[in-house]
Amino acid sequence: MMKEKNQLDDMFRSKLDDFEHEPPSYVWSRIQEKQMGDKRRRTFLVWKISGVAAAILLAFLLGWQLHQSQQDLSPRLADEKPTQAVEIPAKTQSSTSGTTNQEGVKSEQESTEKKASASTNIKTETTTKTNTVINQLQAKRKQYTNQTSASISHENIEQRLDENRNSDQLQLLRSLKGEINHLLDDKQLAEVGLQKLERSRLSSIEQAVVEENAKLLAGNNETNKSNSWQVGAMLTPGYNINQSSQSMQYASNMAVPGSKENMQLGGGISVEYKTGKRWSIQSGVYYSKLDQLSSNQPYRASDALYAEAPGQDNITGSATNEASYFNTAIRVNQGEMQMNTSAGVIAIDNLPSTAKLSNSFESLSNNGILLTQTDFEQNFEYIEIPLIFRYQLIDATFGVQLLGGFNASVLIGNDAYAIDQSGKDRIGSTQDMNSVNYSTTVGFGLGYGLTKSLSLRVEPQMKYFLGSLNQNSNVTFKPYTIGVSTGLSYQF
Amino acid sequence: MKDLRQLIIDSAAGKAKAQAKLYQYLAPKMFGVCLRYSKDQTEAEDNLQEGFLKVFEKIDSFRHEGSFEGWVRRIMVNVALEKYRRNNLMHPVEDMTIFDGPGLSDQIIAEMSARDLMKIIQELPPRYRMVFNLYVFEGLNHKEIADEMKISVGTSKSNLARARMILKDKVVKVFGEIENNYSA
């Protein structure tokens with residue numbers, strides 16, 4: 001028995017081990033095409049990734065830039081000008097308890113406040129008066145300076161007179177000394193008065209500026225509350241519902257549409273600007289994906305094509321499979337195979353590995369029938385730029401917004417796949433897809449403030465395409481998407 | 001073979017001409033291998049295509065230590081194995097009892113062409129075809145086959161026995177008849 005087995009094994013081995021057979025020439029061309037395709041796809045992927053990265057970077061740079069420029073707008077006058085004149089009235093306005101050191105200064109401040117509140121006429125009058133007083137004081141100061149020099153000499157004289165004990169002169173000089181002392185007191189008083197007056201004059205001049213600053217500051221605080229920027233990163237699991245209609249002629253040779261609903265994951269970066277207390281505008285860059293499945297056509301005995309179709313074993317090589325396979329008509333147009341689906345015409349450039357193209361149906365308008373057990377899937381990838389208006393219904397830690405707007409969707413990926421149990425094979429792309437589409441969005445925005453500037457967002461929304469995604473006049477493909485965007489947004 | 005080494009290096013560098021030459025050199029042999037592991041020519045073509053794409057993708061990892069042809073052949077076998085695992089894991093075939101069939105006469109063996117034998121192998125159920133190929137042509141033992149195919153050693157053994165039985169039956173049926181016709 002062992003010998004016999006070996007004999008059988010040996011027989012097969014000896015006859016088949018070095019068996020060579022020239023493969024058909026198209027195998028090599030297919031290898032080359034695939035290699036080129038992979039290279040293209042890799043290049044495209046690199047571009048796609050760098051594009052998204054650039055968009056994110058741009059969004060953040062824009063946000064940062066705007067944040068910076070807003071800081072520049074805030075009034076530095078009030079914050080940075082270190083003049084005493086500005087500081088004192090500011091204190092006066094903010095504190096009523098009078099934390100100032102000098103009683104005199106306090107009362108002076110009060111008078112300043114009064115002055116400040118007076119009309120311009122009074123201000124001018126005050127200024128004139130102040131000037132007069134200053135002039136008088138300056139005259140007094142001059143006088144004093146002269147007399148100081150006199151007082152020095154007077155001390156010398158007194159000494160000498162004391163020595164001489166000249167009482168008359170002493171009397172005179174004593175009276176002179178008293179006057180000088182009096183003048184000296186006067187001078188000190190005058191000095192304080194001058195200081196006070198100078199201060200009050202500065203205050204009155206700068207009062208307007210101070211008021212202006214205060215107003216700006218208050219205004220700015222308010223701006224920070226209502227006019228602000230938000231940057232967010234959102235993930236959007238979406239439920240696509242494909243709505244499509246076709247002309248009779250088109251539909252008669254069309255693949256059977258698969259399940260209308262499917263889940264897709266999208267997402268992106270949002271940039272939002274709050275224009276008022278309740279209104280805000282939002283844009284951003286989002287990625288989204290749409291899908292159209294086409295399933296097997298039941299294998300019907302009544303179908304005219306059925307009789308012509310080859311036996312099932314020729315297709316599957318096994319009798320255990322269900323008696324159904326895809327038998328959709330295919331046009332062969334200048335070497336390109338075209339198949340109708342509910343989303344548009346697939347241009348097949350690479351037949352599914354398990355498919356066979358039957359071309360013995362010359363009586364039909366179409367050139368062939370595709371015989372395969374695979375399902376078909378059309379993928380469309382879009383980059384979306386939305387313009388969404390939001391209205392704040394509830395403005396609290398837990399906020400509620402109403403939102404609505406438009407999206408411009410740019411087609412960046414268009415692939416058709418054949419799916420069987422062994423996986424997904426790219427077979428081509430859908431023809432006549434619009435490169436730019438417009439859609440509307442309505443929904444709710446729910447936000448929960450995690451910190452002062454970071455909030456969690458959950459936004460159920462619906463998107464509806466305004467026109468068909470396909471230019472083909474026989475097909476109207478208008479899917480709509482119900483999705484819940486979830487993510488974080490940062491306010492600054 | 002110095003030329004082959006250079007061809008491999010150039011192919012790894014992505015030179016299309018070198019890759020084409022390498023393909024021309026190896027494709028007929030590898031197509032023979034693929035045919036043995038496939039149910040028909042179409043599947044073999046697909047495997048050959050997939051195999052060569054893998055070869056060119058991984059060629060820069062070839063260390064020039066063993067036989068390049070053996071390396072490529074191993075890739076082709078792996079493609080078939082992967083496909084088998086994807087498609088057939090869910091459909092276990094029940095173990096068969098081993099029994100003997102009639103013996104083969106030398107004359108029958110002499111009559112058979114490689115092409116006929118290939119056809120018989122291709123007609124085997126996928127699992128038997130896989131086990132038979134791995135055991136007879138790749139020289140794997142049952143333990144190795146069991147590992148590759150994620151089956152038990154016992155299953156591998158019984159599959160091989162079953163494959164041999166079917167093959168012998170077919171050989172006798174097809175060529176025995178021819179023999180009978182000749183003798184008649």
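Note that these values count all heavy atoms, side chains included, but never hydrogens, waters or copies made by symmetry. Just so we're on the same page: letters track the sequence lines, and every chain starts at 1.
- Looking only at atom types and distance, the side chain of A:Gln264 has no donor-acceptor partner in the side chain of A:Ser288 under 3.5 Å away.
- Panel note: side chain B:Arg127, backbone B:Ser156; no donor-acceptor pair is recorded below 3.5 Å.
- Scanning residues 29-37 of chain B against chain A with a 4.5 Å heavy-atom cutoff picks out B:Lys29, B:Phe31, B:Gly32, B:Leu35, B:Arg36, ordered by number.
- The side chain to side chain donor-acceptor pair (under 3.5 Å) check on B:Lys143 picks up B:Asp147, with sequence neighbours excluded.
- Heavy atoms closer than 4.5 Å to chain A are found nowhere in B:Ala44, neither backbone nor side chain.
- Note: B:Ala27 leads B:Pro125, B:Ala16, B:Ala27 in heavy-atom pairs under 4.5 Å with chain A.
- B:Asn133 contributes a side-chain N or O that, together with a main-chain N or O of B:Arg129, makes up a donor-acceptor pair within less than 3.5 Å.
- A centroid separation of 6.0 Å or more is found between the aromatic rings of A:Phe44 and A:Trp47.
- Chosen from B:Ile121, B:Leu160, B:Leu167, B:Leu117, the residue pairing most often with chain A at heavy-atom distances under 4.5 Å is B:Leu117.
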Donor-acceptor contacts, no H, no angles, side chain residues 50-66 of chain B, under 3.5 Å, sequence neighbours left out:
from: B:Lys54; atom 1: NZ; to: B:Glu82; atom 2: OE1; distance (Å): 3.2
from: B:Ser61; atom 1: OG; to: B:Lys58; atom 2: O; distance (Å): 2.6

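- Partners of A:Glu20 according to the side chain to side chain donor-acceptor pair (under 3.5 Å) rule, which considers only residues two or more places apart in sequence or in another chain, do not exist here.
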